[in-house]
Amino acid sequence: MQELTLGQAVNQALREEMSRDERVFIAGEGVGVSIHSGPYGATNGLLEEFGPRRVKDTPVSEAGIAGLAVGASVMGLLPVVEIMFNPFFTIAADQIVNHAAKLRYLSGGKSKFPLVVRVKTGAGIGAGCQHSHNLEAWVAHSPGLKVVMPSTPADAKGLLKSAIRDENPVIFIEDMILHFVPGSVPEGDYTIPIGVADIKKPGRDVTVVTWSKMLGAAFKAAGQLEQEGISVEIVDLRTLVPLDEATILESVEKTGRLVVLHEATRTGGFGGEIAALVAEKAFDALKAPIKRITAPDIPVPFSKPLEDFYIPNESSLMEAIRGLL
Amino acid sequence: MQELTLGQAVNQALREEMSRDERVFIAGEGVGVSIHSGPYGATNGLLEEFGPRRVKDTPVSEAGIAGLAVGASVMGLLPVVEIMFNPFFTIAADQIVNHAAKLRYLSGGKSKFPLVVRVKTGAGIGAGCQHSHNLEAWVAHSPGLKVVMPSTPADAKGLLKSAIRDENPVIFIEDMILHFVPGSVPEGDYTIPIGVADIKKPGRDVTVVTWSKMLGAAFKAAGQLEQEGISVEIVDLRTLVPLDEATILESVEKTGRLVVLHEATRTGGFGGEIAALVAEKAFDALKAPIKRITAPDIPVPFSKPLEDFYIPNESSLMEAIRGLL
Amino acid sequence: MDNNEQKKLLRMMLLIRRFEEKLVDLSQDPQKLGGMMIVCTGQEAVAAGVGAALLPEDVIITNHRSHGHLLAKGAEPDLIMAEIFGRRTGYNKGKSGTLHIAVPEVNALCTTTVVGGGIPIAVGTAFAAQYMQKDYVTVCFFGNGASDEGSFHEALNMASLWNLPVIFICENNIYSGAQRMEEHTKVKDIADRAAAYAMRGEIVDGNDSPAVYEAVQRARQDCLSGAGPVLIECKTYRWGGHGTADQQLYQPKDEIARWKEQCPIKGLKASLMRAGVFTEQEFQQFEIEIGHIVEQAVQFAETSPWPDPAEALEDVYV
Amino acid sequence: MDNNEQKKLLRMMLLIRRFEEKLVDLSQDPQKLGGMMIVCTGQEAVAAGVGAALLPEDVIITNHRSHGHLLAKGAEPDLIMAEIFGRRTGYNKGKSGTLHIAVPEVNALCTTTVVGGGIPIAVGTAFAAQYMQKDYVTVCFFGNGASDEGSFHEALNMASLWNLPVIFICENNIYSGAQRMEEHTKVKDIADRAAAYAMRGEIVDGNDSPAVYEAVQRARQDCLSGAGPVLIECKTYRWGGHGTADQQLYQPKDEIARWKEQCPIKGLKASLMRAGVFTEQEFQQFEIEIGHIVEQAVQFAETSPWPDPAEALEDVYV
Ligand SMILES: Cc1ncc(C[n+]2csc(CCOP(=O)(O)OP(=O)(O)O)c2C)c(N)n1
Ligand SMILES: Cc1ncc(C[n+]2csc(CCOP(=O)(O)OP(=O)(O)O)c2C)c(N)n1
Ligand SMILES: [Mg+2]
Ligand SMILES: [Mg+2]
């Protein structure tokens with residue numbers, strides 16, 4: 001199997017879907033001619049391959065970019081637009097939440113809006129809080145949207161291809177650190193269904209539900225705890241909406257313990273949703289309190305030691321898990 | 001005590017604070033000259049009393065309105081701006097979430113942004129999903145903001161006065177149905193501290209945590225259940241951020257059961273936060289699963305029977321509570 | 001525009017007028033039809049003129065004041081009325097109501113009540129025409145107030161940059177809610193904003209439906225020939241308040257009276273009669289036919305079933 | 001502007017140039033200073049000209065390309081450098097870094113890296129001046145790219161509507177990221193957009209610091225006399241890439257060379273020397289002093305303590 005970074009996997013998925021279906025086009029700030037000409041860029045080389053008709057560099061106009069996707073999709077095109085960093089999603093929020101997500105409903109099911117919004121996200125890039133701010137909880141709380149957040153290059157490829165083929169608006173959130181992390185990726189037409197979580201590591205004693213970059217911390221913690229005789233099951237959500245409740249509940253019914261791990265800030269984060277689900281539907285299986293390991297409720301600071309402090313890591317996860325046993 | 005609707009209580013709080021402190025001004029679409037000239041309007045009569053310098057009608061420019069508040073507040077003014085309906089908050093989101101909330105942090109604690117954003121919200125007004133969409137979970141997930149959501153006219157008055165005096169950005173969310181519901185309101189300089197929940201009704205068997213309009217449904221359910229011998233404690237959060245964890249936890253430690261009731265849609269709603277808090281910190285006290293009663297994950301529909309279906313009510317709350325006992 | 005076409009314009013304006021007068025009437029009685037009605041009385045020439053200039057394949061994107069636009073694009077009065085009544089038989093099964101009626105059947109693909117929200121979407125539908133090399137145009141309706149939203153700016157810039165086949169129709173009815181033009185912007189003419197995007201801007205008498213028709217015809221040709229988008233400002237006036245709940249305390253009575261003198265229906269009727277091609281009798285015939293259509297629409301709506309509550313759960317996802 | 005003032009401009013431009021050259025240098029070595037540096041090399045005349053025209057009480061709101069603006073407004077090189085290094089001694093205790101340094105001490109109240117995000121905030125600070133009847137102006141810096149954001153539109157409309165004392169400085173360096181002007185808008189001059197708000201717009205040679213100074217002086221008078229806001233477009237050029245990570249593959253080499261010919265520092269130096277009021281020796285003296293300042297700043301930053309991790313929790317709320 002090929003080794004690709006997540007950025008390259010996204011690139012491959014875009015390339016394959018654009019080749020497969022003439023209706024797919026991409027648009028965004030610098031998706032064609034970019035200030036970053038490196039080979040890891042998610043849209044690298046697509047302008048050269050598909051030309052300026054299908055690879056549209058846009059003005060710095062996030063609401064305009066999102067509206068472009070809404071309008072083009074209702075006419076039958078399959079837009080994949082990029083919002084450069086998650087904080088800039090706020091500028092596109094009206095188009096996405098009040099329009100992309102609601103217009104099908106408002107049409108009484110007559111129209112559809114098969115668009116994908118790729119959003120880059122995550123702390124650890126040393127750019128501070130106006131570039132790094134994980135807001136997946138916002139879109140997960142906006143009925144009409146699907147929300148995908150892959151943790152590995154293979155998942156990114158398989159899920160992005162499914163997102164492009166999905167007839168609903170899909171928000172596809174890519175962590176910027178993962179963009180540079182390699183992994184094995186199946187060649188060719190590899191898809192992963194949206195809405196299916198993945199047990200990345202089976203275990204007996206405690207369930208860790210996580211997604212995106214935090215999968216790495218989960219693995220590190222699980223590896224170390226294994227040596228202490230603690231067996232961790234890692235459930236990677238991959239899709240936040242629709243949520244794969246069954247996989248989460250089955251896991252907790254088996255282990256009896258749950259820690260939710262995410263990079264976003266704590267209060268109002270999507271971890272609350274997982275905790276609430278389990279506290280309702282797997283309550284009898286629970287042997288211990290549900291814990292959340294998350295960033296603290298602060299903006300992402302710039303300075304390296306502060307940013308490192310912000311990002312949840314394996315130590316706090318291990319401590320939480322030990323506390324449950 | 002005077003009887004005022006929530007809208008009138010907001011009006012009184014604005015009037016008193018504007019009289020008390022020259023630095024307070026209000027701005028927004030139609031806060032001066034309005035298409036609704038009725039006596040229940042929150043800003044009714046303020047233009048006549050304080051003049052156009054302190055009551056600014058704005059263009060339809062939500063980002064501009066929010067930016068006005070950010071810039072004016074850092075210069076020492078105390079802006080109270082209005083976003084007409086919660087869905088339009090999306091257009092102001094960048095200014096509020098990336099600027100109002102973060103600029104103090106980015107200044108290293110040197111600057112402050114003592115602004116209030118009043119947002120009108122809620123289903124039941126027959127205007128559909130682009131006017132009705134409760135997004136308190138978004139702002140609650142945005143560090144740097146405080147979030148207040150009153151349920152009674154008295155709370156609205158007391159909390160708005162505190163919000164205006166608070167040195168941080170406060171998002172003050174007013175339900176549009178409550179705007180017309182009367183209640184007793186203390187005269188004069190009545191304030192309620194931000195961050196303190198209120199036990200609106202003590203009880204023994206189950207804790208209902210709720211806020212804003214849903215308090216009414218909680219009372220109805222509690223009244224009926226009383227006759228069945230079930231004693232409900234109603235905790236009205238009033239403030240979502242900072243959250244009064246102690247009051248919630250004490251209540252659940254006493255009753256051993258929790259239902260969270262909110263009008264916003266389920267997935268990603270702030271109910272998850274409450275459930276997660278309790279499932280972590282009052283786990284041992286829990287005698288039954290935690291339930292959430294919320295709107296379903298759909299946009300707010302227009303048609304009366306559909307909108308009624310959307311809004312959570314006392315029946316589903318009673319059913320949930322009975323199921324826990 | 002020949003006489004027959006002008007008569008059709010007149011008839012369409014009358015239909016819009018009577019349709020909406022009925023709504024205003026019905027909404028007085030909460031038993032019949034609750035809620036605030038936002039109507040375009042006085043502005044019918046814009047809807048009718050634009051509608052007449054468009055072909056079925058042309059797309060419209062409209063806003064909270066949409067009934068006239070939808071009727072003029074060819075939507076069925078019955079199905080609009082049923083939607084406004086919140087019935088299952090309405091265009092959107094009662095999910096939209098008066099504020100967001102979408103009629104994909106006539107390519108009215110998005111009616112948004114977020115002020116300015118439709119403008120970037122129009123860029124998208126126009127982009128699709130260019131991308132697929134199809135010969136349709138998009139018309140986007142919005143008000144003078146909406147032209148202050150950031151979405152207007154981003155959208156017009158992109159449309160111009162890419163030379164997209166889209167006609168921006170700014171219905172300037174002097175008010176944005178309760179704010180007069182001079183209270184929400186310092187520019188005198190919204191059409192002047194076109195220059196900020198190197199776009200052609202044009203002012204039209206928005207109470208003269210043949211003039212609106214001609215301007216849109218020209219703009220449509222421009223669009224299809226690749227000459228790029230156009231911003232057309234239609235100067236008109238909102239006779240009523242923003243919606244039926246508005247007591248219009250801020251609207252000078254003499255201003256209203258002046259504009260009523262310039263009623264687009266009265267004007268066109270008089271002009272056709274002056275030209276000797278139209279009679280009072282023909283007009284009364286219109287009234288009768290339209291009266292019937294409106295009554296029939298109300299009856300259809302009133303006798304249509306309400307949706308079942310659980311239908312609320314449908315149509316969120318494909 | 002007298003010779004002495006012009007010399008000060010020259011010295012400020014040189015300080016900005018050397019300060020940022022140092023940053024570019026240091027950032028090559030991840031051990032010293034990680035991350036992408038966004039610098040204004042080639043555009044120093046704008047920062048210096050504006051800074052010279054302002055008084056301490058005047059407010060500036062700036063963007064991702066802010067170091068020059070901050071230095072010219074009077075911020076301390078040491079404390080800026082320490083912030084860029086992420087140290088506790090920096091202006092914002094390491095919370096901002098290079099992209100959002102705020103210096104309330106000199107009324108640089110908001111540096112935002114959200115493109116266009118500062119423009120509505122400038123309306124707010126200007127509103128406060130009018131509200132409190134204080135005699136300061138607000139200057140808001142942004143780029144040509146930012147003028148496509150909706151926030152630009154909403155803000156300029158409000159500023160004009162209310163006649164606020166704010167000067168909008170559009171630094172047009174031809175690029176918006178990797179997109180050239182003609183790839184992001186069809187207008188030739190951003191100054192033309194002022195007309196869309198009935199505001200005065202003006203084009204200035206952004207490589208001529210005395211010209212920038214004069215224009216801002218005039219605009220400042222306009223603002224204080226109540227003549228309302230002004231949009232000044234400074235035509236200039238970004239010598240380097242968007243940031244240090246940018247290989248500039250899309251930037252024509254001859255274009256860069258042409259603009260380097262018009263170096264704002266070289267230009268002013270030559271003009272002063274032609275006028276016989278400035279010598280190469282004086283210039284070398286500047287170089288020495290500035291070299292010292294920059295070295296000192298780096299040393300201060302490098303030897304400053306890192307913040308303790310838990311300090312991250314401070315400064316969110318009052
Ligand atoms: C984003 C947004 N802000 C505010 C409103 C409330 N609102 C509805 S219509 C309107 C005035 C719009 O004026 P204009 O665009 O001129 O259209 P008109 O009503 O005059 O037809 C306002 C402020 C809204 N619906 N959407
Ligand atoms: C809202 C937003 N969108 C996108 C970006 C990414 N970005 C940073 S700078 C920039 C280009 C801005 O160009 P311009 O305004 O001309 O300023 P310049 O960099 O040329 O000084 C972009 C797109 C951003 N920071 N904020
Ligand atoms: Mg109007
Ligand atoms: Mg630029």
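Lettering of chains follows the sequences in order, A, B, ..., and the numbering in each one begins at 1.
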For Pro296(B), is it the side chain, the backbone, both, or neither that has a heavy atom closer than 4.5 Å to a heavy atom of chain A? neither
Hey, does Thr265(B) have a side-chain heavy atom less than 4.5 Å from the side chain of His141(A)? yes
Would you say Lys120(B) has more than 12 foreign heavy atoms packed within less than 6.0 Å of its NZ? yes
Counting C-beta onward and ignoring hydrogens, is there a side-chain heavy-atom pair between Trp138(B) and Leu135(A) closer than 4.5 Å? no
Using non-hydrogen atoms only, which part of Val278(B) is less than 4.5 Å away from chain A: side chain, backbone, both, or neither? neither
From Ile290(A) CD1 over to Phe283(B) CZ, what is the distance, rounded to the nearest 0.5 angstrom? 7.0 Å
Selection from Ala93(A), Pro299(A), Gly269(A), Gly272(A) maximising heavy-atom pairs under 4.5 Å formed with chain B: Pro299(A)
Asn134(B), part contacting chain A, at a heavy-atom distance under 4.5 Å: backbone
Select one option (side chain, backbone, both, neither) describing which atoms of Ala288(A) are under 4.5 Å from chain B's heavy atoms. backbone
Shortest non-hydrogen separation from Lys102(A) to Cys129(B) and the atoms involved: NZ-O, 2.7 Å
Salt-bridge criterion met for Glu280(A) and Arg266(B) (N-O under 4.0 Å): yes
Would you find more than 12 non-hydrogen atoms of other residues, nucleotides or ligands less than 6.0 Å from Lys112(A) atom NZ? no
Using a 4.5 angstrom heavy-atom cutoff, name the option from Ala279(A), Ala264(A), Gly128(A) with the most pairs to chain B. Ala279(A)
CG on Leu243(A) to CG on Asp297(B), rounded to 0.5 Å: 10.0 Å
With chain B, the option among Ala275(A), Ala276(A), Ala282(A) that has the most non-hydrogen atom pairs under 4.5 Å is Ala276(A)
If you count heavy-atom pairs within less than 4.5 Å of chain B, which of Leu286(A), Val241(A), Asp284(A) leads? Leu286(A)
Thr90(A) backbone acceptor or donor facing Asp94(B) side chain under 3.5 Å: no
Hey, could you give me the CG/OG1 distance between Leu240(B) and Thr267(A), rounded to the nearest 0.5 Å? 10.0 Å
So His99(A) and Gln130(B), do their side chains get closer than 4.5 Å, heavy atoms only? yes
Give the member of Gln95(B), His133(B), Glu136(B) that has the highest number of heavy-atom pairs under 4.5 Å with chain A. His133(B)
